[in-house]
Amino acid sequence: MKVKYYTPSDSKLAYSVGVTLDRFIKMKQDDFPFASGELSQLLRDIGLAAKIVNRETNRAGLANIAGAFGNTNIQGEEQQKLDVIANIRFTRALTKGGEVCAIVSEEDDEVIDLQNSSGKYVVAIDPLDGSSNIDVNISIGTIFSIYRRVTPVGSPIQPEDIMQPGRNQVAAGYVLYGSSTMLVYTTGHGVNGFTYEASLGEFFLSHPDMKAPQNGKIYSINEGTYNHFEPGLREYLENCKKLEYSARYIGSLVADFHRNLLKGGIYIYPATTKSPSGKLRLLYEANALAFIAEQAGASAIDGEERILDIQPSSLHQRTPLYIGSIEMVKEVGALIKKRRALTVG
Ligand SMILES: O=P(O)(O)OC[C@H]1O[C@](O)(COP(=O)(O)O)[C@@H](O)[C@@H]1O
Ligand SMILES: [Mg+2]
Ligand SMILES: [Mg+2]
């Protein structure tokens, strides 16, 4: 029997659609001979939930999705319907996937113990980021952090399984529901971005090996509480203005972070005299983006300390966040340190 060997066709008639997320996860898993495939399955589960939530965000203006849900979460924030929908969708996908033993969610006061005796992973998630922008049709997102539990699989969940510093993350990422929908993630071997092709229902590799510019000319901060900013930060912002940098602030952390990661820039949600720990949450906002930032050659601090080295002490604890191009974060950090030393002196 005569056979012929496959040769890839470069015919323009059927251009290659690219590498799907599922195929990419499989390819990357093969890089690790001892990989068991559980993390890969978990990433695929997140990809599936992202597709469903994407469909809901596209319909966010329609009556049954728009507006407040009528509950307040532990942050004291009014939950939007889409916050609740996204929380249900991701929690369900993570539960059904079978790889997760516990979930920490912005929308749940307590840790969700999935009583899954074979689950190795703990997931911290902000199901819907940028909630204040849902009803005004501005980009929103989802943020996730993945850890391996530290106590034996099958044993009851312990605080040390949850309260892990960000440097212990085995994977992290975000979904951006914007003009296009993207999923960006890292497993500690670089950062890759995928764009959703709704007609095929697939995420395709569109941003391989993302690297942040070392420096930038964009700063993202809500200056509404400027009068409560510390001197070092004010000095930094005055410098940005003297240098005529661009002020860009969407009010959706994922969207502001993504833009600055691609173009070079810094996002700041500082401590203020009114909220001394800032607004953003360490476990399911700052840690994930800090891991991505560092994997893309950028950095993240709380004004002084590396975000990934902060030892968590409570589920919904907040942290100031200075994240973005390495030179900009270094500069603002140095100014804050210098001015704090002066006030202490
Ligand atoms: O309105 P503010 O104070 O500028 O805060 C905006 C920030 O708060 C957030 O909306 C907080 O996230 P959630 O929407 O998930 O609660 C960030 O996405 C955003 O960067
Ligand atoms: Mg958020
Ligand atoms: Mg949220």
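None of the values given here were measured: they were computed from a predicted structure. We count ligands from 1, going down the list as the structure has it; atoms in each ligand are counted the same way.
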> Relative to ligand 1, is K279 under 4.0 angstrom through side chain, backbone, both or neither, heavy atoms considered?
Replying inline: side chain
> To the nearest 0.1 Å, how far is atom 3 (O) of ligand 1 from its closest protein heavy atom, and which atom is that?
Replying inline: Y269 OH, 2.6 Å
> Mind checking whether N222 has an N or O less than 3.5 Å away from an N or O of ligand 1?
Replying inline: yes
> Nearest protein heavy atom to atom 6 (C) of ligand 1, by residue and atom, and its distance?
Replying inline: Y249 OH, 3.4 Å
> Between T319 and D302, do the side chains contain an N or O donor and an N or O acceptor separated by less than 3.5 Å?
Replying inline: no
> In terms of atom number and element, which parts of ligand 1 are under 4.0 angstrom from non-hydrogen atoms of E285?
Replying inline: 11 (C), 12 (O), 13 (P), 15 (O)
> Which bit of L128 is near ligand 1, meaning a heavy atom under 4.0 Å away: side chain, backbone, both or neither?
Replying inline: backbone
> Between T195 and E197, does any side-chain donor sit less than 3.5 Å from a side-chain acceptor?
Replying inline: no
> At the Mg ion (ligand 3), what angle lies between atom OE1 of E106 and atom OD1 of D126, rounded to 10 degrees?
Replying inline: 80°
> Which atom, among the N/O/S set of D129, is closest to the Mg ion (ligand 2)?
Replying inline: OD1
>> Suppose I only count heavy atoms of D126 and a 4.0 Å limit; which atoms of ligand 1 are within that range?
In response: 15 (O)
>> Any nitrogen or oxygen of L280 lying under 3.5 Å from a nitrogen or oxygen in ligand 1? Just yes or no.
In response: no
> Hey, looking at atom 13 (P) of ligand 1, which of E77, R281, E107 has the closest heavy atom?
Replying inline: R281
> Would you find a donor on one side and an acceptor on the other, under 3.5 Å apart, between the side chain of R234 and the backbone of N227?
Replying inline: yes
> the Mg ion (ligand 2) is nearest to which N, O or S atom of E285?
Replying inline: OE2
> Which bit of L253 is near ligand 1, meaning a heavy atom under 4.0 Å away: side chain, backbone, both or neither?
Replying inline: both
>> Counting only nitrogen or oxygen atoms and a 3.5 angstrom limit, does Y267 reach ligand 1?
In response: yes
> Out of T57, N58, L82, which residue meets the side chain to side chain contact (heavy atoms under 4.5 Å, CB included) rule with Y177?
Replying inline: T57
> Is there a donor-acceptor contact under 3.5 Å linking the side chains of Q79 and N73?
Replying inline: no
> Given D256, D129, I140, I143, which has its nearest heavy atom closest to atom 18 (O) of ligand 1?
Replying inline: D129
> For ligand 1, which atoms sit closer than 4.0 Å to a heavy atom of G251?
Replying inline: 6 (C), 10 (O), 18 (O), 19 (C), 20 (O)
> Of the backbone atoms (N, CA, C, O) and the side-chain heavy atoms from C-beta on, which set of S252 has a member under 4.0 Å from an atom of ligand 1: side chain, backbone, both, or neither?
Replying inline: backbone
> Between R340 and E230, is the closest basic N to carboxylate O distance under 4.0 Å?
Replying inline: yes
> Between M328 and L335, is there a shared hydrophobic cluster once you connect ILVMFWY residues whose side-chain heavy atoms come closer than 4.5 Å?
Replying inline: yes
> Short list, please: which atoms of ligand 1 are under 4.0 Å from a heavy atom of S131?
Replying inline: 14 (O)
>> Looking only at the aromatic ring of each residue, does the gap between the centers of F257 and Y174 stay below 6.0 angstrom?
In response: yes
> Above 12 or not: heavy atoms from other molecules or residues under 6.0 Å from NZ of K211?
Replying inline: yes
> Taking 2.8 Å as the cut-off, does an N/O/S atom of I143 lie below it from the Mg ion (ligand 3)?
Replying inline: no
>> Testing the basics here: between E106 and I74, what is the closest heavy-atom pair and its distance to 0.1 Å?
In response: O-CG2, 4.4 Å
> Side-chain donor-acceptor pair under 3.5 Å between Q41 and D45, yes or no?
Replying inline: yes
>> Please check this pair: side chain of D256 against backbone of I250, looking for a donor-acceptor N/O pair closer than 3.5 Å.
In response: yes
> Taking the inter-plane angle between the rings of F203 and Y196 on a 0 to 90° scale, is it parallel (under 30°), tilted (30 to 60°) or perpendicular (over 60°)?
Replying inline: tilted
>> Only heavy atoms of E106, strictly under 4.0 Å: list the atoms of ligand 1 that pass.
In response: 13 (P), 15 (O), 16 (O)
>> Taking a cutoff of less than 4.0 Å between a non-hydrogen atom of the residue and any ligand atom, is S132 in contact with ligand 1?
In response: no
